[in-house]
Amino acid sequence: MADKMLSQQGLTPQEWMDRDFWGNRTKSCLCLILLFAVLLGFYSNVFSLIPRRQTEKSQSPEAHHVQGRRESLTLSEGDGHLDSCRIPEVPRLLYPKAQLLKPLRVDVLVMTPWFAPVVWDGTFDSALLDVQFRNTTIGLTVFAIKKYVVFLRLFLETAEKYFMVGHKVIYYVFTDRPADVPQIALQDGRQVVVLHVGNYRRWQDISMHRMEMISNFSRRRFLREVDYLVCLYVDMKFSDHVGVEILAPLFGTLHPGFYAADRQSFTYERRPLSRAYIPRDEGDFYYAGGFFGGSVPEVYRLTTACHQAMTADQAQGIEAVWHDESHLNRYLLSHKPSKVLSPEYLWDEQMLQRPPLLRKLRYVAVPMNHTEIRSR
């Protein structure tokens, strides 16, 4: 049968063997060429990534910072704040060596179970921290709606004396009375920005809409202008140093009325229908609504989440027991703050007796007639 097929094609047995040999060899060569081409394409793609990575690594920290600011404007879930990730270089400084076996405070909790520091007097070195945050701009938000504008002068004057001294600060004053914002002398690198907003009939509505307005302005301008936001009540005054020791990606402040209480005593929202609901067997601390903050992206996420939760509650006909403060506590239970400020940073001398553990009172309430102020 094989001879017949060869004769039909006009080939001798030797010619057929020769053709078969060269045909197989040609196929082998083609396969090798194709394999080489595939491997070449793969490695060319891999090596093309190397210059790009080298270029990214060769950029200066300043370039990364500027690029990060611009990219963070989208506020996608993967966004981070570069300042919270970059380790600054510290120049030569003279300061006491930390003693590992001699803690600076043994009378108070200085670390949470999730390894967030609790800031008390004696637990930090201001000079060292000032160097680490030397290129940082801090934004301070404060709401002076209706008659609360009367607190602004004392607030700003004491802030200039004690708040972030030596650092760049922008005071963002939210008010419905721009003409009543006082003119005060400011340190170099600091400014007051007046943000004209509407008012609301009830003081509770003003309190709750604070989250919405901080969220909106974070997206619209704060991201481009500052690195961190500190969100405070206006009916207070600074009475001692408040500096960069408070800064962290997200921080909250222990409420002066509940810092020593158990969780059963916390005035959380206890109705399950509310988005601020916290069961009685949960809770870390009770945080004050008058002093919180962090990096701008984190504050944006916090205030946006609280505003959305309050909107959902309103649709259900419910209002959390302590309004925005209730929602703040719900958020900080699920999103653990990276730093917790002690009651030194928020105190009321008229309502509370000062305990020995409070070596300093840094930010204190101003005496006022709440009924008169809130009704106007």
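A continuous path of hydrophobic side-chain contacts links Met351 to Leu254 [ILVMFWY only; heavy atoms under 4.5 Å]. Val194 is connected to Leu154 through a chain of hydrophobic side-chain contacts under 4.5 Å among Ile, Leu, Val, Met, Phe, Trp and Tyr, so both are in one cluster. Leu104 and Val340 are members of different hydrophobic clusters when ILVMFWY side chains are connected at heavy-atom separations under 4.5 Å. Hydrophobic clustering (side-chain heavy atoms under 4.5 Å, transitive across Ile, Leu, Val, Met, Phe, Trp, Tyr) groups Phe155 together with Tyr162. Tracing side-chain contacts under 4.5 Å through hydrophobic residues (I, L, V, M, F, W, Y), one reaches Leu140 starting from Ile184; they form part of the same cluster.
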Exercise for the section: Walk me through it: do Tyr171 and Val142 pass the test side-chain contact (heavy atoms from CB on, under 4.5 Å)? Expected result: CA-CA 8 Å; Tyr171 299 104; Val142 65; 5.9 Å; no
Handout entry: From CA spacing to verdict: side-chain contact (heavy atoms from CB on, under 4.5 Å), Val230, Phe163
Key = CA-CA 11 Å; Val230 180; Phe163 181 74; 4.1 Å; yes
Practice task
List the steps and the verdict of ring-ring contact (aromatic ring centres under 6.0 Å, His included) for Phe258 and Phe285.
Solution key: CA-CA 8 Å; Phe258 299 99; Phe285 305 106; over 10 Å; no
Exercise for the section: For Glu160 and Arg190, run salt bridge (charged side-chain N to carboxylate O under 4.0 Å, His left out): C-alpha distance rounded to whole Å, both residues' side-chain angles, the deciding distance at 0.1 Å, then the answer. Expected result: CA-CA 9 Å; Glu160 279 299 286; Arg190 299 157 81 99; 2.7 Å; yes
Practice task
Could you check Asp130 against His167 for side-chain contact (heavy atoms from CB on, under 4.5 Å), going step by step and ending with a plain yes or no?
Solution key: CA-CA 8 Å; Asp130 282 337; His167 296 275; 2.9 Å; yes
Practice task
Could you walk me through whether Phe143 and Tyr233 pass ring-ring contact (aromatic ring centres under 6.0 Å, His included), step by step?
Solution key: CA-CA 7 Å; Phe143 284 74; Tyr233 284 163; 9.5 Å; no
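Classification of Arg153 and Glu157 as a salt-bridged pair holds, one side-chain N sitting under 4.0 Å from a carboxylate O. Remark: Arg362 engages Glu344 in a salt bridge, criterion side-chain N to carboxylate O under 4.0 Å. One finds no salt bridge joining Glu349 and Arg354 here, because no Lys/Arg side-chain nitrogen approaches an Asp/Glu carboxylate oxygen to under 4.0 Å. Using a 4.0 Å cut-off between a side-chain N of Lys or Arg and a carboxylate O of Asp or Glu, Lys360 and Asp240 qualify as a salt bridge. A salt bridge is absent between Arg280 and Glu282; no separation between the charged side-chain nitrogens and carboxylate oxygens falls under 4.0 Å.
Counting non-hydrogen atoms of neighbouring residues, nucleotides and ligands closer than 6.0 angstrom, the NZ atom of Lys336 exceeds 12 such neighbours. In this structure, Glu89 places its CD atom where only 12 or fewer heavy-atom neighbours from other residues, nucleotides or ligands lie under 6.0 Å away. No more than 12 heavy-atom neighbours from other residues, nucleotides or ligands sit within 6.0 angstrom of CZ on Arg275. Atom CD of Gln187 has more than 12 neighbouring heavy atoms from other residues, nucleotides or ligands inside a 6.0 Å radius. Residue Gln350 places its CD atom among more than 12 non-hydrogen atoms of other residues, nucleotides or ligands, all under 6.0 Å distant.
Put simply, the side chain of Val364 reaches to within 4.5 Å of the side chain of Lys237, judged on heavy atoms. Residues Glu298 and Leu302 are not in side-chain contact: their nearest non-hydrogen atoms beyond the backbone lie 4.5 Å or more apart. In this structure the side chain of Asp324 reaches within 4.5 angstrom of the side chain of Met310, judged on heavy atoms. By the 4.5 Å heavy-atom criterion applied to side chains, Thr141 and Leu229 are counted as neighbours. Using a 4.5 Å heavy-atom cutoff, the side chains of Arg301 and Thr304 are not in contact. Between Phe238 and Leu361 the shortest side-chain heavy-atom distance does not fall below 4.5 Å. In this structure, the side chains of Val169 and Thr137 stay at 4.5 Å or more apart for every pair of heavy atoms. No side-chain heavy atom of Thr112 sits under 4.5 Å from any side-chain heavy atom of Asp284.
Residues passing the salt bridge (Lys or Arg N to Asp or Glu O under 4.0 Å) test with Asp176: none are found, sequence neighbours excluded. With sequence neighbours excluded, the residues forming a salt bridge (Lys or Arg N to Asp or Glu O under 4.0 Å) with Asp107 are Arg105, listed by chain and number.
Taking all atoms of both residues into account, the shortest heavy-atom contact from Thr123 to Val118 is OG1-O, 4.3 Å. Taking all atoms of both residues into account, the shortest heavy-atom contact from Gly289 to Arg210 is O-NH2, 2.7 Å. Closest approach of Pro256 to Pro343, counting heavy atoms only: CA-CB, 4.4 Å. The heavy-atom pair separating Val321 from Arg271 by the smallest distance is N-NH2, 3.9 Å. The two residues Pro117 and Met111 come nearest to each other via the heavy atoms N-SD, 3.8 Å. Nearest heavy-atom pair, Ala144 versus Val173, reported as atom, atom and distance to 0.1 Å: CB-CG1, 4.5 Å.
Aromatic ring centres of Phe222 and Tyr172: separated by under 6.0 Å. If you look at Tyr363 and Phe291, their ring centroids are closer than 6.0 Å. Taking the six-membered ring for Trp, Tyr259 and Tyr286 have ring centres at least 6.0 Å apart. Between Phe251 and Phe292, the distance separating the two ring centers is not shorter than 6.0 angstrom. For Tyr268 and Tyr277, the gap between ring centers reaches or exceeds 6.0 Å.
In terms of modelled atom types and a separation under 3.5 Å, the side chain of Trp114 and the main chain of Ser338 share no donor-acceptor contact. Within the 3.5 Å criterion, the main-chain N or O of Gly257 finds a donor-acceptor partner in the side chain of His255. Side-chain atoms of Gln314 never come within 3.5 Å of backbone atoms of Ala312 as a donor-acceptor pair (strictly under, hydrogens ignored). Of the possible donor and acceptor atoms, none in the side chain of His307 sits under 3.5 Å from a partner among the backbone N and O of Thr303. Although no hydrogens or angles enter the test, the distance criterion places a donor-acceptor pair under 3.5 Å between the side chain of Arg134 and the main chain of Val131.
Note: Arg224 CZ to Arg221 CZ = 7.5 Å, rounded to the nearest 0.5 Å.
Aromatic ring pairs are classed by plane angle as parallel below 30°, tilted from 30° to 60° and perpendicular above 60°; the pair Phe133 and Tyr228 is perpendicular.
Taking the centre and axis of the six-membered ring of Phe266, the NZ or CZ atom of Arg263 falls outside the cone set by 45° and 6.0 Å.
For Thr136 and Asp227, the side-chain atoms include no donor-acceptor pair closer than 3.5 Å. Arg219 and Ser215 share no donor-acceptor pair across their side chains, judged by distance under 3.5 Å alone.
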